[in-house]
Amino acid sequence: MNYSEVIDFVKKKTAEIGRPANYPFRSRYEHIMRVYRWAIRLQAKLGGDLDIIVLSALLHDVGWEEGRPHEEVSAEIAVEYLDSIGVDPEKIKRVGEIIMKHEDKDTTDDLSIECRIVMDADLLDEIGAVEIIWDCMATALEPEASYKRAYYRIKEYYRGNKPKIKRCKTDPGRAEFTKRMQLIENYIYQLERELF
C-alpha cells in the first residue's frame, strides 16, 4: 500500500475540515504524523498488521464535526476513503473499529495488538519534550507571561500526566512513557535550580 497517498489525503482533509485548535501553534496534521511515526516504532517491537496500524494511526483524527465525537466522524471518513481506494473490506472494518476505540484510553477491554499500538502512540504524543514546548508556548500567549509561570504550568501538567501511565496498553509504550516523564522531571529539577 502507498502510504504517501494516504498522508496526502490526511493533510488535505485536516486542512479542509478545520477543527478548531485550542492553541494557534497546535496542528492536528502534525499530531497525526507524530502518532503515525510512533505507531511504526511500536509495531517494529510488537508486531501486528502494519497496514492496519498505519492506516488507523493516519486516519484516527482526520474528522471533526461540532456536536459529534471526533472518533465517530474520523471512522466514517476513514471507512469511506479506504473503500474508495480499494482496501480489503476486512482491513477497513478493523481500521474503523480501532479509530472508534482509540479515545477510550481507560478501557479494560481485550484489545487487538493493532489497537493497543495505536492507542499508545496517540497517548505518547505531546508528552515529554513536546509537552514542555507546548507549556512554554501556551504560557507565552497568556497575560504577564514569565519563566516562573511556565515553570508552574510544566509542573502542573507533569503532575496531571504522570498517572496516565496506567493507560498504556503495551510494555514498550509504558517504557517510553516512563522515559518521557523522567525527562520532564529532570527538566523541572534543573529549572528549579536556575529560577529559585
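These numbers come from a predicted model, not from an experiment. Numbers for residues simply follow the sequence, beginning at 1.
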Salt bridge check: are [X] and [Y] linked by an N-O gap of less than 4.0 Å?
X: R159; Y: E156; value: no
X: R149; Y: E144; value: no
X: D106; Y: K166; value: no

Notebook entry, point to check: By the rule that ILVMFWY residues connect when side-chain heavy atoms come within less than 4.5 angstrom, directly or transitively, which residues belong alongside M100?
Noted result: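 Members besides M100: none; it forms no cluster.
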
How close do [X] and [Y] get, counting heavy atoms only, and between which atoms?
X: A57; Y: A39; result: CB-CB, 3.9 Å
X: I113; Y: G48; result: CG2-CA, 3.7 Å
X: A145; Y: A140; result: CB-CA, 3.8 Å

Notebook entry, point to check: Checking salt bridge (Lys or Arg N to Asp or Glu O under 4.0 Å) against D122, which of K105, R167, R116 comes through?
Noted result: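 For D122, the salt bridge (Lys or Arg N to Asp or Glu O under 4.0 Å) test succeeds with only one of K105, R167, R116, which is K105.
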
Next item on the list: Quick one: list whatever passes side chain to side chain contact (heavy atoms under 4.5 Å, CB included) with R193, sequence neighbours left out.
Entry: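 For R193, the residues satisfying side chain to side chain contact (heavy atoms under 4.5 Å, CB included) (neighbours in sequence not counted) are Y189, Q190.
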
Next item on the list: Just jot down the side chain to side chain contact (heavy atoms under 4.5 Å, CB included) partners of T107, sequence neighbours excluded, or say none.
Entry: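 With neighbours one apart ignored, the set is K101, D104, D109, L111, M119, K169.
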
[X]-[Y] co-clustered via ILVMFWY side chain contacts under 4.5 Å:
X: V35; Y: Y3; answer: no
X: L141; Y: I154; answer: no
X: M137; Y: L183; answer: no

Checklist line | Stepwise side-chain contact (heavy atoms from CB on, under 4.5 Å) test for M33 and I7 | finding: CA-CA 8 Å; M33 295 309 295; I7 291 168; 3.8 Å; yes

Note to self: Test salt bridge (charged side-chain N to carboxylate O under 4.0 Å, His left out) on D171 and R174; report intermediate values, then the result.
What the structure shows: CA-CA 5 Å; D171 289 339; R174 250 182 305 285; 2.8 Å; yes

Which pairs with one or both residues in [range] pass ring pair (Phe, Tyr, Trp, His ring centres under 6.0 Å), sequence neighbours excluded?
range: residues 27-74; value: H31-H60, H60-H102, H70-H102
range: residues 154-179; value: none
range: residues 107-133; value: none

Donor-acceptor contact present, side-chain [X] to main-chain [Y], <3.5 Å:
X: Q43; Y: I53; result: no
X: R28; Y: T14; result: yes
X: R180; Y: L124; result: yes
X: D125; Y: R34; result: no

Item checked: For R26, side-chain hydrogen bond (donor to acceptor under 3.5 Å, both in side chains) partners two or more places apart ->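 R26 satisfies side-chain hydrogen bond (donor to acceptor under 3.5 Å, both in side chains) with N22, E126 only.
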
Measuring from [X]:[atom1] to [Y]:[atom2], what's the distance to the nearest 0.5 Å?
X: I32; Y: S74; atom1: CD1; atom2: OG; result: 7.5 Å
X: K45; Y: T170; atom1: NZ; atom2: OG1; result: 9.0 Å
X: L42; Y: I117; atom1: CG; atom2: CD1; result: 6.0 Å
X: K148; Y: L191; atom1: NZ; atom2: CG; result: 10.5 Å
X: F9; Y: S4; atom1: CZ; atom2: OG; result: 14.5 Å

Please list, one pair per line, the donor and acceptor atoms closer than 3.5 Å that link side chains of residues 127-136 to other protein atoms, with sequence neighbours excluded.
from	atom 1	to	atom 2	distance (Å)
E131	OE1	N161	ND2	3.3
E131	OE2	N161	ND2	3.3
D135	OD1	R153	NE	3.2

Item checked: salt bridge (charged side-chain N to carboxylate O under 4.0 Å, His left out) involving K93 - partner list, sequence neighbours excluded -> E97

Notebook entry, point to check: Looking at residues at least two apart in the chain, or sitting in another chain, which of them share a salt bridge (charged side-chain N to carboxylate O under 4.0 Å, His left out) with E185?
Noted result: K162

Check: Which is it for L82 and L59 under the side-chain contact (heavy atoms from CB on, under 4.5 Å) test, yes or no, and what are the steps along the way?
Finding: CA-CA 10 Å; L82 294 174; L59 296 164; 4.0 Å; yes

Notebook entry, point to check: Less than 4.5 Å apart, any side-chain heavy atom of I52 and any of C115?
Noted result: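 Result no, sub-4.5 Å side-chain heavy-atom pair not found.
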
Notebook entry, point to check: Do Y151 and E192 have side-chain heavy atoms sitting under 4.5 Å apart?
Noted result: yes

Checklist line | E194 CD: over 12 foreign heavy atoms closer than 6.0 Å | finding: yes

Check: Is the number of heavy atoms from other residues, nucleotides or ligands under 6.0 Å of F25 CZ greater than 12?
Finding: yes

Item checked: Sequence neighbours excluded, every pair satisfying salt bridge (Lys or Arg N to Asp or Glu O under 4.0 Å) that has a member inside residues 52-63 -> none

Check: Given I77 and I17, is the side-chain contact (heavy atoms from CB on, under 4.5 Å) satisfied, shown in steps?
Finding: CA-CA 11 Å; I77 291 169; I17 290 176; 3.7 Å; yes

Note to self: Set out, in order, the CA-CA distance, both residues' side-chain angles and the distance that settles side-chain contact (heavy atoms from CB on, under 4.5 Å) for M1 and V87, then state yes or no.
What the structure shows: CA-CA 9 Å; M1 166 155 276; V87 173; 3.2 Å; yes

Checklist line | Pairs where residues 77-91 contributes a residue and the test side-chain hydrogen bond (donor to acceptor under 3.5 Å, both in side chains) is met, not counting sequence neighbours | finding: D51-K91

